[in-house]
K.L.:
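Quick one: the structure is below, and I'll ask about it shortly.
Note that these values count all heavy atoms, side chains included, but never hydrogens, waters or copies made by symmetry.
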Amino acid sequence: MFKSEYLQKVYASVEARNPGENEFLQAVRDVLESLEPVVMQDSKFEKNGVIERMVEPERMISFRVSWVDDNGQVQVNRGYRVQFNSAIGPYKGGLRFHPSVNASIMKFLGFEQTFKNSLTGLPMGGGKGGSDFDPRGRSDGEIMRFCQSFMTELAKHIGADTDVPAGDIGVGAREVGYLYGQYKRLRNEFTGVLTGKGRSFGGSLIRPEATGFGAVYYAVEMLKTFGEDIKGKTFAVSGFGNVAWGTVKKVNELGGKVVTVSGPDGYIYDEDGICTEEKINFLLEMRASGRDKVKDYADKFGVPYFEGKRPWEVKVDVVMPCATQNEVGLEDAKNIVANGVKYYVEVANMPTTDEAVSYLKANKVVIAPSKAVNAGGVAVSGLEMSQNSMRYSWTAEEVDAKLHQIMSDIYKNSWEAAKKYGMEGDLIAGANIAGFEKVADAMIAQGVAY
């Protein structure tokens, strides 16, 4: 697996310490494979034990969340916060409320977040958190009580200069509002300790759209490298939440056409494109309904719906998975290649299995990795932190311009990092190396405390 004995030893130790944590092991392996030429070229990383420290969270907190449902019944969930790396700034990363949440997923997300945050150029460390609580089908009162109980424990471990959570899957504006209200009640302070807040209490403009907007800005830079333009390109997108919604909005704004979105029930194909304001806004209505069914779009707009299937069988120019981890497997990759797709842009966190990545690479598909592509969300969260610190608010145009510049820089830095180590055009390796070097240098400079 590894040419470097040092990296092989480190990975063997990670496997032994984290048995059965497949998502975390996959994320670590993918990064370490990219770092081989860096580590083999400079012994300082081994000498200072950088990799050993980088793959171990600085702190992992697990706690009970007890709350009372509308029937007066006590419910118990498990909460997490993984504070992975603070070498370049306070821990920063979202909170995910979903039944799939477990220690492995939290560690994988926190590990990825460390490199992603580094790529933005902003002073943010890596962290992640959440709970196996499922907000779907719950009343506002139940969600409020859960959030208050969750924050009662989490508040002991976070702060504006220590750890700044945000939203993620299952944690939108409503949940962030409840979480922030409880934090303020407990700590008696009004600080920027959470991002993704409502505009009326310190939130930033374009934060809900930011991940999707940033992903498209990255895709634009990628296409330019190969002498192509987004105008006239067709896109297959999965999911229909905030990330997919922001992606669809920006693709349309820049002249492309999105023809698919998907849900747990299947996908829809809209040959004319999800291009009108009514269609784009309906994605938000579907998410707010809590039904989690993309078929609602097909019923409303009279387009084909494919139950139980994924949109990767559709012939398009660019594929952008926006839903969840490992949603694209080997058979999906074979469909993508068979359809002549040239560009594969990961928007969700680690949406592609290792087998699928290998197949896409072998067939010369350009792969843009998630830790670079979806950094727009945390970038605007970082900008929200800056606005909170200044007690100031930028216009949507100002935030969008800053986001655009950050994403352009991420692409260019990733490209140059890959080229520096003889892997020109490998955007996965480039993102891993560019994110790693900044964090590693900071860790070495600060001594073994980090």
K.L.:
May I have the step-by-step check of side chain to side chain contact (heavy atoms under 4.5 Å, CB included) for Asp69 and Arg138, ending in yes or no?
P.N.:
CA-CA 9 Å; Asp69 66 21; Arg138 293 292 182 183; 4.0 Å; yes
K.L.:
Would Ile158 and Val164 satisfy side chain to side chain contact (heavy atoms under 4.5 Å, CB included), going step by step from the backbone distance to the final call?
P.N.:
CA-CA 7 Å; Ile158 64 175; Val164 183; over 6 Å; no
K.L.:
Using side-chain heavy atoms (C-beta onward) and a distance below 4.5 Å, is Val193 in contact with Arg187?
P.N.:
no
K.L.:
Would you mind reporting whether Arg310 and Ser262 have side-chain heavy atoms less than 4.5 Å apart?
P.N.:
no
K.L.:
How long is the straight-line distance from CE of Met222 back to CG of Leu427, given to the nearest 0.5 Å?
P.N.:
7.5 Å
K.L.:
Is the backbone N or O of Val341 less than 3.5 Å from a side-chain atom of Asn339, with the two atoms forming a donor-acceptor pair by type?
P.N.:
no
K.L.:
Okay, side chain of Ser389, backbone of Met385: is any donor-acceptor separation there less than 3.5 Å?
P.N.:
yes
K.L.:
Could you name each residue pair satisfying ring pair (Phe, Tyr, Trp, His ring centres under 6.0 Å) that touches residues 42-61, not counting sequence neighbours?
P.N.:
Phe45-Phe436
K.L.:
Tell me whether Glu346 contacts the main-chain N or O of Ser370 through its side chain, where contact means a donor paired with an acceptor under 3.5 Å.
P.N.:
yes
K.L.:
Are there more than 12 heavy atoms of other residues, nucleotides or ligands under 6.0 Å from atom CZ of Arg291?
P.N.:
no
K.L.:
Using the side chain to side chain contact (heavy atoms under 4.5 Å, CB included) criterion, which residues pair with Ile367? Sequence neighbours excluded.
P.N.:
Tyr344, Val357, Leu360, Lys361, Ile428
K.L.:
State, yes or no, whether a side-chain contact exists between Tyr11 and Phe2 at a heavy-atom distance under 4.5 Å.
P.N.:
yes
K.L.:
To check you understand the geometry: which heavy-atom pair defines the closest contact between Leu330 and Glu355, and what is its length?
P.N.:
CD1-O, 3.9 Å
K.L.:
Is the count of non-hydrogen atoms from other residues, nucleotides or ligands lying under 6.0 Å from Lys293 atom NZ greater than 12?
P.N.:
no
K.L.:
Asp30: which residues meet the side chain to side chain donor-acceptor pair (under 3.5 Å) condition with it, sequence neighbours left out?
P.N.:
none
K.L.:
Only one of Tyr217, Tyr218, Tyr411 clears ring-ring contact (aromatic ring centres under 6.0 Å, His included) with His404; which?
P.N.:
Tyr217
K.L.:
So, Asn388 side chain and Gly202 main chain: donor-acceptor pair closer than 3.5 Å or not?
P.N.:
yes
K.L.:
In this structure, are over 12 heavy atoms from other groups packed under 6.0 Å from Glu307 atom CD?
P.N.:
no
K.L.:
Among pairs that include at least one residue of residues 239-248, which meet side chain to side chain donor-acceptor pair (under 3.5 Å), considering only residues two or more places apart or in two chains?
P.N.:
none
K.L.:
How many angstroms lie between atom CG of Leu186 and atom OG1 of Thr152, to the nearest 0.5 angstrom?
P.N.:
5.0 Å
K.L.:
Could you give the side-chain donor-acceptor pairs of residues 37-44 under 3.5 Å, partners two or more places apart or in another chain?
P.N.:
{"residue": "Asp42", "atom": "OD1", "partner": "Lys44", "partner atom": "N", "Å": "3.0"}
{"residue": "Lys44", "atom": "NZ", "partner": "Asp441", "partner atom": "OD1", "Å": "3.4"}

K.L.:
Looking at Asn102 and Ser104, would you say the former's side chain and the latter's main chain have a donor-acceptor pair under 3.5 Å?
P.N.:
yes
K.L.:
Quick test of your reading: applying ring pair (Phe, Tyr, Trp, His ring centres under 6.0 Å), list the pairs with at least one residue in residues 164-192, sequence neighbours left out, ordered by first then second residue.
P.N.:
Tyr180-Phe190, Tyr180-Phe201
K.L.:
To the nearest 0.5 Å, tell me how far Arg53 CZ sits from Glu58 CD.
P.N.:
9.5 Å
K.L.:
Once ring pair (Phe, Tyr, Trp, His ring centres under 6.0 Å) is applied, what residue pairs with a partner in residues 320-343 remain, sequence neighbours excluded?
P.N.:
Phe226-Tyr343
K.L.:
I'd like to know if the side chain of Gln446 reaches the main chain of Ala87, judged simply by a donor and an acceptor atom lying under 3.5 Å from each other, with no hydrogens or angles considered.
P.N.:
yes
K.L.:
Are Asn413 and Leu119 close enough, and set up right, to give a side chain to side chain contact (heavy atoms under 4.5 Å, CB included), and what steps lead you there?
P.N.:
CA-CA 8 Å; Asn413 292 339; Leu119 285 169; 5.6 Å; no
K.L.:
Are Asp161 and Pro90 packed together at the side-chain level, in the sense that at least one heavy-atom pair is separated by less than 4.5 angstrom?
P.N.:
no
K.L.:
If only side-chain N and O atoms count, and only distance matters, is there a donor-acceptor pair under 3.5 Å linking Glu36 with Ser4?
P.N.:
no
K.L.:
Verify whether one side chain among Asn85 and Thr114 offers a donor that lies under 3.5 Å from an acceptor in the other.
P.N.:
no
K.L.:
Could you list the residues that satisfy side chain to side chain contact (heavy atoms under 4.5 Å, CB included) with Ser62, not counting sequence neighbours?
P.N.:
Arg78, Tyr80
K.L.:
When you check the side-chain N and O atoms of Ser13 and Glu52, is any donor under 3.5 Å from an acceptor?
P.N.:
no
K.L.:
Measure from the side-chain N and O atoms of Glu153 to the backbone N and O of Ser149, and report whether any donor-acceptor pair falls under 3.5 Å.
P.N.:
no
K.L.:
Can you list every side chain to side chain donor-acceptor pair (under 3.5 Å) pair that touches residues 421-431, not counting sequence neighbours?
P.N.:
Tyr421-Glu437
K.L.:
Are side-chain heavy atoms of Phe115 and Met54 found at a separation under 4.5 Å?
P.N.:
yes
K.L.:
Determine, for Lys250 against Asp400, whether the closest basic-nitrogen to carboxylate-oxygen distance falls under 4.0 angstrom.
P.N.:
yes
K.L.:
Is any side-chain heavy atom of Lys402 less than 4.5 Å from a side-chain heavy atom of Val380?
P.N.:
no
K.L.:
Does some side-chain heavy atom of Val258 sit less than 4.5 Å from a side-chain heavy atom of Phe235?
P.N.:
yes
K.L.:
Can you measure from CG (Asp354) to CG (Leu25) and round to the nearest 0.5 angstrom?
P.N.:
10.5 Å
K.L.:
Short question: side chain of Thr120, backbone of Lys116 - any donor-acceptor pair under 3.5 Å?
P.N.:
no
K.L.:
If you measure only the distance, is there a donor-acceptor pair under 3.5 Å linking the side chains of Arg29 and Gln26?
P.N.:
no
K.L.:
Check whether any side-chain heavy atom of Glu384 lies under 4.5 Å from a side-chain heavy atom of Lys197, and answer yes or no.
P.N.:
yes
K.L.:
Measure the CE-CD1 distance between Met106 and Ile61 for me, rounded to the nearest 0.5 Å.
P.N.:
13.0 Å
K.L.:
Can any side-chain N or O of Asp332 pair as donor or acceptor with the backbone N or O of Gly329 at less than 3.5 Å?
P.N.:
yes
K.L.:
Under a 3.5 Å cutoff, is there a donor and acceptor pairing between the side chains of Asn335 and Glu331?
P.N.:
no
K.L.:
Do Glu313 and Tyr267 get their side chains close enough for a donor-acceptor pair, meaning under 3.5 Å?
P.N.:
yes
K.L.:
Identify, with sequence neighbours excluded, every residue that meets side chain to side chain contact (heavy atoms under 4.5 Å, CB included) alongside Ser131.
P.N.:
Asn77, Phe97, Phe133, Phe146, Phe150
K.L.:
Show me, pair by pair, the donor-acceptor contacts under 3.5 angstrom made by side chains of residues 206-215, not counting sequence neighbours?
P.N.:
{"residue": "Arg207", "atom": "NE", "partner": "Gly377", "partner atom": "O", "Å": "3.4"}
{"residue": "Arg207", "atom": "NE", "partner": "Ser381", "partner atom": "OG", "Å": "2.9"}

K.L.:
Given Lys92, which of Asn117, Asp163, Thr195 fulfils the side chain to side chain donor-acceptor pair (under 3.5 Å) condition?
P.N.:
Thr195
K.L.:
Nearest 0.5 angstrom please: Gln113 CD to Lys128 NZ, how far?
P.N.:
4.5 Å
K.L.:
So, the side chain of Arg145 versus the backbone of Val68: is there a donor-acceptor pair under 3.5 Å, distance only?
P.N.:
yes
K.L.:
List in chain and number order the residues that pass salt bridge (charged side-chain N to carboxylate O under 4.0 Å, His left out) with Lys295, two or more places apart in sequence or in another chain; answer none if no residue qualifies.
P.N.:
Asp299
